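Being a predicted model, the structure only gives us computed values, none of them experimental.
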Amino acid sequence: MSRPPVRYWQPPGETVERLAESGATGALHGEAGTVHLADGWVVHVESDKALGLAGLLTASGRVPAEVWQETVRTSGPDCRVGRALLEQGRLTRGELEICHLGALYDAAFFVLCARSTMTWFEPGARHWLGPVRRVSARTLRRESVRRRDVLERIWPWPQLDSSPVVPVPAGHRLSGPRTRVPAPNRRQRELLAHADGRRTPGDLARLLGRSAFSTTVDVRRLAAAGLVATPFGTAPAPGLAAAPHGPGPGLGPEDAAEPAGPPPASPLDADTVEITLAGLERRVPGAALAAVPGGLAAARRRAEPRPSRRPTHAAAQPLSVNDPDIALLHRVRTALEARL
C-alpha cells in the first residue's frame with residue numbers, strides 16, 4: 001500500500017539532505033523539477049529547465065529517438081531502461097554514466113536553486129531509468145552552490161538566465177572593462193546565430209542539444225563582453241543558500257568539503273577522452289551558422305544599466321573544481337559540445 005506524500009516548507013537543498021540522512025527512497029517534487037533518491041543517495045534529477053538524458057543522447061545521434069522511445073515503453077515499467085540500452089549495445093557503461101551524471105548535475109542546479117520552498121515527497125517512487133550512478137546529497141548541493149558562484153563571478157545578473165537572449169549589434173556594443181574578454185569561440189558564435197530575441201538560454205540549450213548550465217555560462221560571458229543585452233530592472237538575488245562545510249550527520253568523510261588547492265589529476269587525459277567520445281559528436285538541428293541579424297536589438301538601443309558591483313574577469317578563465325569526477329564531466333562536455 002502506497003504511503004501518502006509528505007510536504008516540506010524549506011529550501012529544496014535542505015530537504016534533499018534531510019531525506020538523505022534518513023535513508024529515504026522516493027521522489028521529491030518541486031517547482032523546478034524532481035530529485036529521485038534510493039536509500040539516501042540521489043540517483044536521478046530531472047527539470048524542465050535542463051536537457052535530460054533523453055535529449056543528450058538523441059540530440060547527439062548516439063541513440064535514435066525511435067529506439068529511445070521503444071526502450072522506455074518496454075523497459076520503463078520495470079525501471080531498467082539504462083540496463084536495456086547496455087544490453088542492446090547502444091551505449092557502453094562509461095558513456096551511459098557520463099551522460100547520466102551530466103544530466104543529473106545540470107538539472108540539480110536548477111532544482112536546488114529554485115526560489116520556491118514548497119516541495120512534496122513521494123515515498124517509494126522509483127525512476128524508470130533504473131540504477132546507473134549515485135551521488136550524495138551534500139556533494140550535489142555543494143556543486144550547485146559552486147555553479148551559482150561561477151555565474152556570479154562571470155556577470156552578476158541572474159535575470160539573464162531566464163530572459164530572451166538578445167544579441168547586441170556591433171555598432172551598439174558598450175566599451176569599457178567588460179570588453180576585455182576573449183573573442184567568442186565556436187560554441188558561443190553558434191549560440192549567437194540561433195538567438196532570435198525570443199529564445200531563453202534554456203530554449204537555446206534544447207535547440208542545440210547542449211547542457212543548460214554551460215549555455216547559461218556562455219550567455220553570461222557574452223553579456224560580460226557586451227555581445228548580449230543585459231535585461232533591464234533590478235537583478236534578483238540568487239536563491240540557493242550557501243553549502244555547509246564539513247560532513248554532516250549520517251554522511252561519511254568523503255562528503256566533506258574539499259580542501260583548497262589544485263584539482264586532483266583525472267585518470268583520463270584529454271587524448272583518452274577524445275578517443276572515448278569519438279562516436280558522440282553532436283548533430284545540431286537547424287540551419288548552418290549565419291551572421292547575427294542587426295535588427296534583433298533595434299528596440300533596445302538605449303544603453304542597458306550595469307550591475308551594481310563590478311564583475312571580475314572570470315569570464316576569461318576556465319571553470320575550476322576540486323572534485324575529480326565533476327572536473328572530468330566538464331572536459332567531456334567540452335568534447336561533446338564544442339568539438340574545438
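Proximity of P131 to V43: side-chain heavy atoms (C-beta onward) are nowhere separated by under 4.5 Å. Residues Q188 and L192 fail the side-chain proximity criterion, which asks for heavy atoms closer than 4.5 Å. Residues R134 and V42 have side chains not in contact (no heavy-atom distance under 4.5 Å, counting atoms from C-beta outward). Y105 places a side-chain heavy atom less than 4.5 Å from the side chain of L140. L91 has its side chain within reach of R62: a pair of non-hydrogen atoms, C-beta onward, lies under 4.5 Å apart. Side-chain atoms of F121 and L37, non-hydrogen and from C-beta on, do get closer than 4.5 Å to each other. Taking 4.5 Å as the limit, every side-chain heavy atom of L96 sits out of range of all side-chain heavy atoms of T92.
Residue pairs meeting the ring pair (Phe, Tyr, Trp, His ring centres under 6.0 Å) criterion with at least one partner in residues 11-36, sequence neighbours excluded, are H29-W120, H36-H127.
Between D203 and T200, the side chains place a donor N or O and an acceptor N or O closer than 3.5 Å (distance only, hydrogens not considered).
A salt bridge does not link R18 to E21: none of the charged nitrogens lies less than 4.0 Å from a carboxylate oxygen. Between R90 and E95 there is no salt bridge, since none of the side-chain N atoms of the basic residue sits less than 4.0 Å from a carboxylate O of the acidic one. Salt-bridge check for E190 with R186: failed, with every basic side-chain N at 4.0 Å or more from each acidic carboxylate O. With respect to K49 and E31, no salt bridge is recorded, no charged nitrogen being found less than 4.0 Å from a carboxylate O. For E143 and R147, the salt-bridge test passes: some basic side-chain N is under 4.0 Å from an acidic carboxylate O.
Under the salt bridge (Lys or Arg N to Asp or Glu O under 4.0 Å) criterion, R199 pairs with D196, sequence neighbours left out.
Hydrophobic cluster membership for W9: M118 (Ile, Leu, Val, Met, Phe, Trp, Tyr linked by side-chain heavy atoms under 4.5 Å, directly or transitively).
In this structure, R198 contributes its side chain and V165 its backbone to no donor-acceptor pair below 3.5 Å.
The side-chain contact (heavy atoms from CB on, under 4.5 Å) test with L191 singles out one residue from L227, V219, L207, and that residue is V219.
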